[in-house]
Amino acid sequence: MAGHRQNRVSEDIKREIVAVMRELKDPRIQGMLTVVRVDVTADLSYAKVYVSAMEGIETAKLAVKGLTSASGYIRREVGGKLRLRKAPELKFIADDSVQHGMDIMRKLGSLTSENNGESEDEN
């Protein structure tokens with residue numbers, strides 16, 4: 001039963017962090033940032049927040065530095081909006097999954113264009 005609450009709280013935290021990130025004015029936290037996932041411990045006292053950027057892992061690492069410096073503010077805002085007894089301590093981690101997904105899409109696109117070119121030659 002605890003797993004359901006843990007999943008629900010992690011999704012709520014993810015949603016609220018995205019909302020707070022839009023309000024932050026730190027220049028390091030700019031660009032196409034995505035919160036990929038949030039892992040919350042069983043006692044809801046710690047949360048790992050995986051952040052990815054369309055521009056690449058370097059941009060994500062820079063954003064993580066900015067988010068880490070604003071983690072107290074983000075924690076307070078998330079705790080206040082979700083009305084948790086104790087807001088979890090946030091640890092931000094850079095992730096390259098969005099860039100990896102974009103690379104896969106480009107490769108698939110090139111494969112389909114190659115296949116379309118071959119089928120036109122056969123006709």
Side-chain angles (χ1 to χ4, degrees):
M1 291 300 274
H4 296 296
R5 181 165 193 262
Q6 192 175 357
N7 291 338
R8 191 179 73 235
V9 169
S10 69
E11 286 299 317
D12 290 343
I13 290 172
K14 178 180 173 182
R15 185 186 67 242
E16 292 302 327
I17 287 175
V18 169
V20 172
M21 279 173 48
R22 289 188 197 127
E23 299 171 4
L24 295 175
K25 304 223 183 310
D26 192 330
R28 297 175 288 188
I29 309 171
Q30 302 300 324
M32 297 292 291
L33 292 178
T34 304
V35 176
V36 178
R37 77 174 193 264
V38 176
D39 291 336
V40 181
T41 57
D43 62 352
L44 305 178
S45 60
Y46 295 96
K48 290 182 181 177
V49 182
Y50 295 90
V51 179
S52 185
M54 295 279 268
E55 293 85 12
I57 191 71
E58 295 304 319
T59 305
K61 287 179 182 178
L62 186 64
V64 163
K65 288 181 183 178
L67 290 168
T68 301
S69 68
S71 64
Y73 171 76
I74 296 169
R75 182 179 182 188
R76 187 184 77 217
E77 291 293 314
V78 168
K81 289 182 181 177
L82 296 180
R83 287 187 255 149
L84 297 172
R85 183 177 296 163
K86 181 181 179 229
E89 188 174 319
L90 303 173
K91 175 153 176 53
F92 295 95
I93 300 168
D95 190 25
D96 67 342
S97 60
V98 171
Q99 182 184 11
H100 185 68
M102 294 296 289
D103 291 341
I104 290 173
M105 290 298 292
R106 271 189 231 110
K107 289 177 184 177
L108 288 174
S110 68
L111 286 175
T112 56
S113 65
E114 287 176 10
N115 288 341
N116 288 340
E118 290 175 7
S119 63
E120 289 175 4
D121 292 340
E122 292 174 0
N123 290 332

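Values in this document were obtained by computation on a predicted structure and should not be read as measured data.
Between the S52 side chain and the T34 main chain, no donor and acceptor come within less than 3.5 Å of each other. Although no hydrogens or angles enter the test, the distance criterion places a donor-acceptor pair under 3.5 Å between the side chain of Q6 and the main chain of V40.
T112 and G109 make their closest contact through OG1-O, 2.9 Å (heavy atoms, listed as atom of the first residue, atom of the second, distance). The heavy-atom pair separating S10 from V38 by the smallest distance is CB-O, 3.3 Å. Residues D39 and R37 approach most closely at OD2-NE, 3.3 Å, considering heavy atoms. In this structure, L67 and F92 approach most closely via the heavy-atom pair O-CE1, 3.5 Å. Residues K14 and V35 come closest through the heavy atom pair CE-O, 3.1 Å. Smallest separation of non-hydrogen atoms from P88 and I13: CG-CD1, 3.6 Å.
With rounding to the nearest 0.5 Å, the separation of CD in E16 from NZ in K81 is 5.5 Å. With rounding to the nearest 0.5 Å, the separation of OG1 in T41 from NZ in K48 is 10.0 Å. Atom CD of Q30 sits about 9.5 Å away from atom NZ of K25, to the nearest 0.5 Å. Of the inter-residue distances, the one linking L33 atom CG with M54 atom CE reads 11.0 Å to the nearest 0.5 angstrom. Between atom CG of residue L62 and atom CD1 of residue I29 there is a gap of 9.0 Å, rounded to the nearest 0.5 Å. Put simply, CG on D96 and OG1 on T59 are 12.0 Å apart, with the number rounded to the nearest 0.5 Å.
Residues passing the salt bridge (Lys or Arg N to Asp or Glu O under 4.0 Å) test with R75: none are found, sequence neighbours excluded.
Contact of the M32 side chain with the E55 side chain is registered, since non-hydrogen atoms from C-beta on lie closer than 4.5 Å. Counting heavy atoms from C-beta on, the side chains of N7 and E11 never come closer than 4.5 Å. Counting heavy atoms from C-beta outward, D12 and L84 have side chains that stay 4.5 Å or more apart.
In the hydrophobic clustering of this structure, I93 does not group with V20; members are Ile, Leu, Val, Met, Phe, Trp, Tyr whose side-chain heavy atoms approach within less than 4.5 Å, directly or through other members. The hydrophobic cluster containing Y46 does not contain V64, counting ILVMFWY residues as joined when their side-chain heavy atoms lie under 4.5 angstrom apart, directly or transitively. V36 and L90 fall into different hydrophobic clusters, defined by Ile, Leu, Val, Met, Phe, Trp and Tyr side-chain heavy atoms under 4.5 Å apart, directly or through other members.
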Yes or no on side-chain contact (heavy atoms from CB on, under 4.5 Å) for R15 and L82, after CA distance, side-chain angles and deciding distance?
CA-CA 10 Å; R15 185 186 67 242; L82 296 180; 4.2 Å; yes
